[in-house]
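Each chain gets a letter, A, B and so on, in the order the sequences are listed, and its residues count up from 1. Computed from a predicted model, the values in this text were never measured in an experiment.
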2 protein chains.
Amino acid sequence: MGRWEPNARGRLARAALVLSAEKGYENTTVAEIAAVAGVTERTFYRYFVDKADALFPDNTQLLTLLATAVGDARRAGDRPFDAALAAVRQLAGYASQEPERPRLMAQVIPTVPALVGRDLVRQRQIVGAVSRALVDDGVPTIDAQLAAETALGVWRVAVTEWARESAVGSLLDIVNTTAAVARAVAGA
Amino acid sequence: MGRWEPNARGRLARAALVLSAEKGYENTTVAEIAAVAGVTERTFYRYFVDKADALFPDNTQLLTLLATAVGDARRAGDRPFDAALAAVRQLAGYASQEPERPRLMAQVIPTVPALVGRDLVRQRQIVGAVSRALVDDGVPTIDAQLAAETALGVWRVAVTEWARESAVGSLLDIVNTTAAVARAVAGA
DNA sequence: TTTCGGGATGTCAGAGTCTGACATCACGCA
DNA sequence: TGCGTGATGTCAGACTCTGACATCCCGAAA
């Protein structure tokens, strides 16, 4: 720690998200974000490569978490799709640690094409990690990819539903409900 | 037409692609693109909302073309996945009209994260159009989405292969080969 | 206790992206 | 001949992002 307030990165990320939700991503300048966080615009760019980066925090830790969840589920006897859903539940738990974030994200992202693209890239990383974990466990590649892709579809639908103000229940509940629906539909 | 050379938009798009392939997207300035096209930087922004937009031409015509291809295939008795593949072949024919474009695109896009995201958005539009066309033809939603998603996967693999200099044969041939492989793998 | 290196931040300058406002020019129609 | 219109040019400016250099304080070493 230095002589400054610690966790500048966290304050910047939080300020970026709150301001973007309040007045729109494109109406929020990096200078404002930095000011709210109590640092300089230049310092912002020492923590994030660009403005959008502040909204999409580092993923690597989450990705290994998901891979572990898949491995555990497989060892417990889950079939591929169930194991992929275990990863999605892990995702829900992860998101619930800080419930405001995903809700605000779901509110901000659709309004800015560039953020939509960035989110798609991030989702592909997740699909890739889950799929790879399944393959590492002996699941055929195609099955693994389909399982991961479908599970991520469940996640997308669940988060969308959960982000609606009218939605009731925890994110985990909604994920479970959505997964059940997906299973029923796919089973037909 | 005015007193200027016609088709400023086309010249701008071409210049953007050629320059980006030559010296990299990020090393190419809008001012350069405009200069090569013989117009002003300001005029560039009258045709494209941003720099990346010049590399991703308007889609709507293509999307209806694909939907039509799906409908025709369905009327000819094709099953959903085959109909989706018909759309991909249409895509191949479309791309072959100007063979240099997709090749250069495949060379430029991976080098710039923002372009990757943009390309994913565009692919989702295609998946959506194909999927919707199938649904309109009575295919259950899940089946339609899976068919469209898988067919687009074939397209991605095929274009990647085709973009490699060592690749031989027409794009359409490669698509057919790739589709056969996908079918064999998925059939196991 | 003093000194000094280093990590985090600030300051400054500048290139590049994108936008708004207004001027200009030639073509076609009245 | 004159005028309206659409495409383009010109100009100014806000914002994003980066490189170079200065500054400051903490902690280790003398």
Inset, instruction - Identify whether the distance between the nearest side-chain nitrogen and carboxylate oxygen of D50(A) and R118(A) falls below 4.0 Å. - result: yes
Legend entry - Note: D82(B)-R183(B) ion pair, threshold 4.0 Å (strictly below): yes
Inset, instruction - Taking only the side-chain nitrogens and oxygens of Y45(A), find out if one of them lies under 4.0 Å from OP1 or OP2 of dC17(D). - result: yes
Rounded to whole Å, how long is the line connecting atom [atom1] of [X] with atom [atom2] of [N]?
X: R42(B); N: dT24(C); atom1: CZ; atom2: C1'; result: 15 Å
X: F44(B); N: dA7(D); atom1: CZ; atom2: C1'; result: 17 Å
X: D50(B); N: dC17(D); atom1: CG; atom2: P; result: 13 Å
X: D53(B); N: dT17(C); atom1: CG; atom2: C1'; result: 14 Å
X: L12(A); N: dT16(D); atom1: CG; atom2: P; result: 14 Å
X: E41(B); N: dA15(C); atom1: CD; atom2: P; result: 14 Å
X: I33(A); N: dC17(D); atom1: CD1; atom2: P; result: 10 Å
X: Y47(A); N: dA8(C); atom1: OH; atom2: C1'; result: 7 Å

Legend entry - Hydrophobic cluster membership, V112(B) vs V112(A), 4.5 Å side-chain cutoff: yes
Inset, instruction - Would you mind classifying the nucleic acid contact of T43(B) as base, sugar-phosphate or nothing, using non-hydrogen atoms under 4.0 angstrom? - result: sugar-phosphate
Inset, instruction - May I have all residue pairs that pass ring pair (Phe, Tyr, Trp, His ring centres under 6.0 Å) and include part of residues 13-53 of chain A, sequence neighbours excluded? - result: F44(A)-F48(A)
Legend entry - Main-chain N/O of V139(B) paired with D143(B) side-chain donor or acceptor, under 3.5 Å: no
Legend entry - Contact list for residues 149-158 of chain A, test side chain to side chain donor-acceptor pair (under 3.5 Å), sequence neighbours left out: Q123(A)-R156(A)
Legend entry - N/O donor-acceptor pair, side chain R46(B) with base dG9(D), under 3.5 angstrom: yes
Legend entry - Residue pair L55(B) / M105(B): nearest heavy atoms and the distance that separates them: O-CE, 3.1 Å
Inset, instruction - Please list residues of residues 13-29 of chain A whose heavy atoms come under 4.0 Å from any atom in DNA chain D, ordered by number; otherwise none. - result: T28(A), T29(A)
